[in-house]
A.B. asks: 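What follows is a single structure, and I will ask about it in a moment.
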Amino acid sequence: MDTPLARLQRAPQEDCFADNLLAGLARTPKEIACKYFYDEAGSRLFDRICDLPEYYQTRTETALLTRHAGEIAALMGPQVEIVEFGAGSLRKARILLDALAAPRAYTPLDISGAYLAGVVRSLAADYPALALRPMVGDFSQSLDIPALPDNPRRAGFFPGSTIGNFRPEAALALLRRMRCGLNGGGLLIGVDLVKDPHLLHAAYNDAAGVTAMFNKNLLARANRELDADFDLNAFAHYAPYNAGAQRIEMYLVSLRRQRVSLRGRLIEFAQGEPLHTEDSHKYTIESFREMACRAGFNPRAVWTDEERLFSIHWLESR
Ligand code: AVJ
């Protein structure tokens, strides 16, 4: 019997793909929120990115989680409810669930409902005794997660450096909301580190072109869901590293002057005009801990790999 997917409370201002895309295409420069990457096709493309040789983040974080699982489980304590933000494939959560003492429940949140339903099915089969509460929705808008009747202690899990997709002021606000949503519980968070720009550039411009497909999937999704007529070959993937802002910026660049129809509107693109699709901010361990403190957390522990490519932080609510 499938685990039913609950719906994360829709925040009043939560916008839909069509409205958000039309509004973003009306802005200068044109932009669209990166959360719209994650329809089922996009979630599968991201899974492929995680296995790319250039995309060091996933294997580095997974190795850190595996090596320090015991320490992390001790800090989280027994009978805890794990709330994971942007849970994706649930692969990393399995490392935690295997190390924790009698975890009370696991609540994976993700915006990609169909994809989440599939991965939850296989997790439920592997962890039959675990209380599973998958929720579909946009955690950047609402974190209203109903408490379980026995109100177990919560621990948040936010891996993959998805915090990097939020501009620093928005990241700070999100951490504050997470701290409230965790009711005093701690947060285990993955943070990608500032490093050699060549390594960063390669991670978002892989030789196989999977990141380009992931980026262009946004246009394919608009064609599928909104009856738009984007020509994917008339746009190029462009993902430079902005050293001043310590972030990767992702764009789709129009290769020629063109018009796209969307919901009865005609959108003009000039040749060379960019559509901004994502930022991926990088931190130093110090700059992230400083932000965590400002969000009301006590940065209790941090783990990083020998090459200091990636970091995992355990933050306790002050
Ligand atoms: C899943 C948000 C962490 O920003 O590195 C991967 C998404 N974008 N390649 C990231 C992504 C391009 C990824 N996060």
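Whatever order the structure lists ligands and atoms in, that order sets their numbers, starting from 1. We number each residue from 1, following the sequence as shown.
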A.B. asks: I need the contact type for Y38 against ligand 1. Using non-hydrogen atoms and a strict under-4.0 Å cut-off, is it side chain, backbone, both or neither?
C.D. replies: side chain

A.B. asks: Do me a favour and list the nearest non-hydrogen protein atom to atom 3 (C) of ligand 1 with residue, atom name and distance?
C.D. replies: G160 O, 2.8 Å

A.B. asks: If you count heavy atoms of other groups shown closer than 6.0 angstrom to CZ of R265, is the number above 12?
C.D. replies: no

A.B. asks: Looking at R247 and E249, is any side-chain nitrogen of the basic one under 4.0 Å from a carboxylate oxygen of the acidic one?
C.D. replies: yes

A.B. asks: Does the Lys NZ or Arg CZ of K92 fall within the cation-pi geometry relative to F157 - under 6.0 Å from the ring centre and within 45° of the axis?
C.D. replies: no

A.B. asks: Got the closest protein heavy atom to atom 4 (O) of ligand 1, with its distance?
C.D. replies: S280 OG, 2.8 Å

A.B. asks: Any N or O of S161 that comes nearer than 3.5 Å to an N or O of ligand 1?
C.D. replies: no

A.B. asks: Using a 3.5 Å cut-off on N or O atoms only, is Q57 in polar contact with ligand 1?
C.D. replies: no

A.B. asks: When you measure from atom 1 (C) of ligand 1 to every protein heavy atom, which one gives the shortest distance, and what is it?
C.D. replies: F46 CZ, 3.4 Å

A.B. asks: Which option wins on minimum heavy-atom distance to atom 2 (C) of ligand 1: L52, N205, N165, I163?
C.D. replies: N165

A.B. asks: Please state whether F214 comes within less than 4.0 angstrom of ligand 1, counting heavy atoms only.
C.D. replies: yes

A.B. asks: Would you please indicate yes or no on a ring centroid separation below 6.0 angstrom for Y106 and Y127?
C.D. replies: no

A.B. asks: Please determine whether salt bridge (Lys or Arg N to Asp or Glu O under 4.0 Å) holds for the pair R94 and D126, giving the CA-CA distance in whole Å, both sets of side-chain angles, and the decisive distance to 0.1 Å.
C.D. replies: CA-CA 10 Å; R94 289 168 179 261; D126 300 342; 2.7 Å; yes

A.B. asks: Can you pull out the closest protein heavy atom to atom 13 (C) of ligand 1? Residue, atom name and distance to 0.1 Å, please.
C.D. replies: Y55 OH, 3.3 Å

A.B. asks: Mind checking whether D279 has an N or O less than 3.5 Å away from an N or O of ligand 1?
C.D. replies: no

A.B. asks: So, F214 versus F37, ring centres under 6.0 angstrom or not?
C.D. replies: yes

A.B. asks: Counting non-hydrogen protein atoms only, what is the nearest one to atom 8 (N) of ligand 1? Give residue, atom name and distance.
C.D. replies: E278 OE1, 2.8 Å

A.B. asks: Measuring centre to centre across the rings, with the benzene-like ring taken for any Trp, is Y241 within less than 6.0 Å of Y204?
C.D. replies: no

A.B. asks: For the pair N298 (side chain) and R318 (backbone), establish whether a donor and an acceptor sit closer than 3.5 Å, ignoring hydrogens and angles.
C.D. replies: no

